[in-house]
Number of protein chains: 2
Amino acid sequence: MTGTTDNSSVTGADAAKRILAAAKHLFAEAGFDAVSMNAIAERAGVSKANVFHHFKSKNELYLAVLKAACNESSPQIDRLGSDQGAFVEHLRDFSQAHLANLLRDEKISRLIQRDLLENGSQRGKEFAEQVFGQNFARLVEILREGQKKGELRDGIDPAMLATLLIGADVFFFQGREVLRHFPDVGFTEAPDRYSAMLADILLHGILPKNQLNG
Amino acid sequence: MTGTTDNSSVTGADAAKRILAAAKHLFAEAGFDAVSMNAIAERAGVSKANVFHHFKSKNELYLAVLKAACNESSPQIDRLGSDQGAFVEHLRDFSQAHLANLLRDEKISRLIQRDLLENGSQRGKEFAEQVFGQNFARLVEILREGQKKGELRDGIDPAMLATLLIGADVFFFQGREVLRHFPDVGFTEAPDRYSAMLADILLHGILPKNQLNG
DNA sequence: ATTAGCACTGACCGACCGGTCGGTCAATAC
DNA sequence: GTATTGACCGACCGGTCGGTCAGTGCTAAT
């Protein structure tokens, strides 16, 4: 009875969290336009007016979702540049970890990618630049350092390689549903194998051994 | 005065075309939800009711737009498997042509990609599978033939390579706006250079010469 | 001249949108 | 006690949505 100070059992800040969670789920599933504040309120178990009490507008709620979603990921890029040597394996590990990340937080990944695709409205753009760019810049930096140490060919543009690494994963993620239906594609259910094949191609190229002098 | 049979100067089938064009423009620019039938009708210069006269529903109009958009592209993939030999250059050319395609029909590319990302509704999914898959399967087939002729390493999965080829371009397209703002990235304005670097990496790998025995 | 058929329109519908309003209620401050 | 506060709600706002419908004008066959 005495500990009423931190009492937030059913009400209070709990509602805001539930609203945020509901919004995150719905936005990720259907996008900004297709989700109504009514639906969010209903899913959160609160009134629509209460949603507006906690968040000034639908836009602000969306940004809050985006921010919260990104903060709970992306703490594992740094592993790529951890210890010396074994740069090759680090690359493979990074690709695997990155792809696993995309797949684990599937909804959020889709949410962010959807936002990236929308260039018309700045709804969350500068934010996407900020967060995505932060990770991207870190990756480029690590690659450049690896190149200085001679673990990467000199002709390679680190930014290009970073783009390729991330792009391959993102496209795998995006096209997975469609790719799954092609008999030619045998890796949609095995992202690790995909990452391994990607690393193999990046490391050794696609040419046969007897054509290596390009 | 006599040729009244093919008279479609202002009315008739002309309206349907104008509606389709208006819808294509607006959908590509803002997506399905953000475009109203009112806006489409207004841009097409007809009444909203007339839009429903030519297209049963917003969904049907959207599908028609998607179908028309895809039919006017993608006739140049076949060039990749045209003549014998020079497989390497064919690959580079394909990558360039494909990326140029994405950029030229920027709006439509975004439209299709947006649809790909939406997995919840089947709005245009089976269609995306059909068209996109058609091109993809063709690319895989060409790669497989190249592999049989010994122009591609045996360990390479053709479907994987196809995914990587397309994915690299798609991600370049998607992330271009964001990538442009990073000083590290110097190829956002030069897609040809991007394609060339991509081909270089694919052909020769990223390792220095003295580490080629992997 | 009448009829049939078609492209086309303005007026209209119910549903839902994002957002606001007045007001209730429980907890805290004094 | 009373005043204040902030979470919370039902009802409601103006506006827009996708879609419908009765009717108009035009063409062409009868």
Side-chain angles (χ1 to χ4, degrees), chain A residues 1-24 26-27 29-66 118 120-124, chain B residues 1-24 26-27 29-66 118 120-124:
Chain A
M1 301 294 189
T2 55
T4 49
T5 319
D6 55 352
N7 180 2
S8 57
S9 56
V10 183
T11 175
D14 184 50
K17 282 186 183 177
R18 288 212 314 281
I19 292 172
L20 208 59
K24 168 180 160 185
L26 293 174
F27 278 144
E29 206 154 62
F32 183 85
D33 288 321
V35 173
S36 72
M37 295 297 259
N38 263 317
I40 295 173
E42 195 170 338
R43 185 181 173 90
V46 300
S47 69
K48 186 172 68 164
N50 196 16
V51 175
F52 280 97
H53 172 71
H54 287 284
F55 302 91
K56 270 188 292 189
S57 67
K58 188 181 183 182
N59 228 310
E60 182 181 300
L61 174 57
Y62 181 75
L63 282 181
V65 166
L66 226 56
E118 227 88 12
S121 69
Q122 285 97 332
R123 200 185 302 135
Chain B
M1 303 296 184
T2 54
T4 49
T5 321
D6 56 351
N7 180 4
S8 57
S9 56
V10 183
T11 174
D14 183 50
K17 281 187 184 178
R18 286 213 317 279
I19 292 171
L20 207 59
K24 168 180 159 183
L26 293 175
F27 278 144
E29 205 153 66
F32 183 84
D33 288 320
V35 173
S36 72
M37 295 299 259
N38 263 315
I40 294 174
E42 194 171 339
R43 186 182 172 89
V46 299
S47 69
K48 185 171 69 161
N50 196 16
V51 175
F52 280 96
H53 172 69
H54 286 283
F55 302 92
K56 270 189 293 191
S57 66
K58 187 181 183 182
N59 228 309
E60 182 181 301
L61 174 56
Y62 182 75
L63 283 181
V65 165
L66 227 54
E118 226 89 12
S121 69
Q122 287 96 332
R123 199 187 303 138

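What you see is a predicted model; the values in this text were computed from it and never measured. Chain naming here is simple, since letters A, B, ... match the order of the sequence lines and numbering starts at 1 in each.
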Next item on the list: Send over the distance from B:Asn59 CG to D:dG19 C1', rounded to a whole Å.
Entry: 13 Å
Next item on the list: Considering non-hydrogen atoms only, spot the tightest contact between B:Leu61 and B:Phe27 and give its length.
Entry: CG-CE1, 4.4 Å
Item checked: Atom-to-atom span, CE of A:Met37 to P of C:dG19 - whole angstrom -> 6 Å
Notebook entry, point to check: Rounded to the Å, how far apart are A:Arg18 CZ and D:dC9 P?
Noted result: 9 Å
Polar-atom pairs under 3.5 Å, protein N or O versus N or O of nucleotides 9-12 of chain C: list them with distances, or write none.
| residue | atom | partner | partner atom | Å |
| --- | --- | --- | --- | --- |
| C:dT9 | OP2 | B:Ser47 | N | 2.8 |
| C:dT9 | OP2 | B:Ser47 | OG | 3.1 |
| C:dT9 | OP2 | B:Asn50 | ND2 | 3.3 |

Next item on the list: Using a cut-off of strictly less than 4.0 Å, decide whether B:Ser36 has a side-chain nitrogen or oxygen near OP1 or OP2 of D:dC17.
Entry: yes
Note to self: With a 4.5 Å cut-off on side-chain heavy atoms, are A:Phe55 and A:Leu20 touching?
What the structure shows: yes
Check: What integer distance in Å separates A:Lys17:NZ from D:dA7:P?
Finding: 15 Å
Notebook entry, point to check: Would a 4.5 Å heavy-atom cut-off, applied to side chains only, mark A:Lys58 and A:Tyr62 as touching?
Noted result: no
Check: Please give, in whole Å, the distance from D:dG18 C1' to B:Glu60 CD?
Finding: 14 Å
Next item on the list: Using a cut-off of strictly less than 4.0 Å, decide whether A:Asn38 has a side-chain nitrogen or oxygen near OP1 or OP2 of C:dC17.
Entry: yes
Checklist line | Smallest separation among heavy atoms of A:Val65 and A:Ala23, with atom names | finding: CG2-CB, 3.7 Å
Next item on the list: Round to the nearest Å and state the distance from A:Tyr62 atom OH to C:dG19 atom C1'.
Entry: 20 Å
Check: Starting at CD1 of A:Ile40 and ending at C1' of C:dG19, how long is that distance when rounded to a whole Å?
Finding: 13 Å
Checklist line | Point-to-point distance, once rounded to the nearest 0.5 Å, from CZ of A:Arg18 to CD1 of A:Ile40 | finding: 14.0 Å
Next item on the list: Rounded off to whole Å, could you give me the NZ-to-P distance for the A:Lys56 and C:dG18 pair?
Entry: 18 Å
Margin query: Within the structure provided, determine whether A:Val46 and A:His53 are in side-chain contact (heavy-atom separation under 4.5 Å).
Written below: no
